[in-house]
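Lettering of chains follows the sequences in order, A, B, ..., and the numbering in each one begins at 1. The basis for the numbers below is simple: all heavy atoms, side chains too, and nothing from hydrogens, waters or symmetry mates.
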Protein chains: 2
Amino acid sequence: MGSPIYLTIVENIKTKINSGEIKPGDMIKSENALCEEYDVSRMTVRKSLTVLASEGYIYSVPGKGNFVNEPNQDKYILYFNEMNSIEGSIEDTQLLDVNIVKPTLEIIFNLQIPENKRVVLIRRVFINEGNPVAYDIKYIPYYRGMPIVEKEIHYATFPEIVSKKKSLFAINKELKIKVQKPDGKLKGILGIEDTEPVMVIEQKLLDEGNKPIGWGITYFKGDFFQLQAVSSFVDKSNIIY
Amino acid sequence: MGSPIYLTIVENIKTKINSGEIKPGDMIKSENALCEEYDVSRMTVRKSLTVLASEGYIYSVPGKGNFVNEPNQDKYILYFNEMNSIEGSIEDTQLLDVNIVKPTLEIIFNLQIPENKRVVLIRRVFINEGNPVAYDIKYIPYYRGMPIVEKEIHYATFPEIVSKKKSLFAINKELKIKVQKPDGKLKGILGIEDTEPVMVIEQKLLDEGNKPIGWGITYFKGDFFQLQAVSSFVDKSNIIY
DNA sequence: TAGTGGTCTAGACCACTAG
DNA sequence: TAGTGGTCTAGACCACTAG
């Protein structure tokens, strides 16, 4: 009935921070002082402070106190998936080929593999309303006996391709986002002209030890591409119930 | 001395999830069962579960149990700031003008203001190694007596401009990221040709009630622009100590 | 030495779920 | 009705900080 005490404390302290009554760098009241102020036990106060810390409002320094954090102005949450991050989703994909190839210097660098190690090369074209909208290249280190099932590769995102065995929880990912003018090959594949810009998304997948387990580039036709991101200071996206 | 019990429990459950021993959708042991397994009090078990939930591994359904989450494959953390998100930072900015203007339909729509309301228009060019690399336009709803201090605007990021009074904690932000070919005006300002792509970043700032308090677009020369994002499933960036 | 936050206990009462 | 997670208490001992 009504919101719990610890959330009331959270809201009160948030209000003080949002209004500027207490500022970044300031120490807030000690846990014992808050216990007295709200007439609650210390565990309840600590629950409130845990919430405030997880939302980025405060941090604690053991032996000293709890302090108001600097707001993280520059941090956003971005949702990206090469199969549905464009205007109007991908309707179909065309699997150009799957090959086992010698790595180029660039691939050796990005996958951190020895130069005699082979890699699986997957090339796809994404189709929207009958027209090619993206050209997609993936490299995965090859090991003997690796099952490469074309049907599975066809419609899968990169993390899905790489994680056939490994849990997706264990994969770290890095994205690089840039623009370029199309070269001759891209112009042919995407059916575009010199003046049409191309959005380039580089994806790197890493295992728990940050060893690369996949590297890929997707070239999107510029007019079919838009990414969105939202400020993340209060990130409640993990809270389902 | 050594890590606390609750972190041991966290690591054990993480290992079970990462190895696939327990899968997304599965219910994990009840809190009381975990109390017995580790011979600890329920509050200690709950501390562990709170950590796992905040890192996205599990979620709880009151009355039923705790469940393994679906990994959020598509979620990334992006750091963006129009003053330092390019290759080689901005060395200087040129303030083209600050004016109070009638809003266009686009501005009315994006700032959600009445059409008779005036807006402050700020136009800047960002300079790197003596050359223009970005063209930056901001719109802020104008109110009578609003102090517009050119010195403050000159080198400030958008959140800084808008938040002179309001705490940065209270501002929500939205980014849109897209590409375009340069129009005549951009070609002149950035000194580029038709074939040079332009990265377009649209920023919208909103107050606590999600009312727009600022809207702006930055046009970056494509070859000076790259964004990076990292997977965020385990987001420890708020933990300072 | 007094005060701070970190960890942990052994209980309590509650609303909710599902047989 | 038995079991689950959510909130809360009133204590304890610890390492660390800073005068």
Thr44(B) side-chain N/O to dT9(C) phosphate OP1/OP2 under 4.0 Å: yes
Ile5(B) has an atom CD1; how far is it from atom C1' of dT9(C), in whole Å? 10 Å
Could you run through DNA chain D and flag its stems, i.e. three or more consecutive Watson-Crick or G-U pairs with both distances under 3.5 Å? C:1-18 with D:1-18
Do the side-chain N or O atoms of Arg46(B) get closer than 4.0 angstrom to the phosphate oxygens (OP1, OP2) of dG6(D)? yes
Classify the side-chain pair Tyr139(B)/Asn110(B) by whether it contains a donor and acceptor separated by less than 3.5 Å. no
Drop me the distance from Leu52(A)'s CG to Asn69(A)'s CG, to the nearest 0.5 angstrom. 11.0 Å
What is the distance from CZ of Arg42(B) to P of dA12(C), rounded to the nearest Å? 13 Å
If the cut-off is 4.0 Å, is Ser60(B) near the phosphate of dG6(D), judged by side-chain N/O to OP1 or OP2? yes
Parallel, tilted or perpendicular: which one describes the rings of Tyr59(A) and Phe67(A), with boundaries at 30° and 60°? parallel
Integer-rounded Å distance: dC8(D) P and Tyr6(A) OH: 7 Å
Does the side chain of Asn81(B) come under 3.5 Å of the side chain of Thr157(B) through a donor N or O and an acceptor N or O? no
Closest to the 5' end of DNA chain D, once Asn66(B) and Met43(A) are matched to their nearest nucleotides, is Asn66(B)
Note: contacts of residues 22-33 of chain A with DNA chain D (heavy atom, under 4.0 Å) are none
Within this structure, what is the CG-to-P distance between Leu49(B) and dT7(D), rounded to whole angstrom? 13 Å
Is a side-chain donor-acceptor pair under 3.5 Å present for Gln203(A) with Lys176(A)? no
Sequence neighbours excluded and cut-off under 3.5 Å, please list the side-chain donor-acceptor pairs for residues 20-29 of chain B, or say none.
{"residue": "Lys23(B)", "atom": "NZ", "partner": "Gly20(B)", "partner atom": "O", "Å": "2.8"}
{"residue": "Asp26(B)", "atom": "OD2", "partner": "Lys23(B)", "partner atom": "N", "Å": "2.8"}
{"residue": "Lys29(B)", "atom": "NZ", "partner": "Glu37(B)", "partner atom": "OE1", "Å": "2.4"}

Any side-chain donor paired with an acceptor under 3.5 Å for Trp215(A) and Glu202(A)? yes
Please walk me through it: do Ile177(B) and Leu227(B) pass side-chain contact (heavy atoms from CB on, under 4.5 Å)? CA-CA 10 Å; Ile177(B) 303 163; Leu227(B) 281 177; 3.7 Å; yes
Any Lys64(B) side-chain N or O less than 4.0 Å from OP1/OP2 of dG3(D): no
Within this structure, what is the NZ-to-P distance between Lys47(B) and dT9(C), rounded to whole angstrom? 13 Å
Working to the nearest 0.5 Å, report the span between CD1 of Ile77(A) and CG of Leu78(B). 10.5 Å
Asp39(A) CG to dC8(D) P, straight-line distance once rounded to whole Å: 13 Å
Rounded off to whole Å, could you give me the OH-to-P distance for the Tyr38(A) and dA10(D) pair? 18 Å
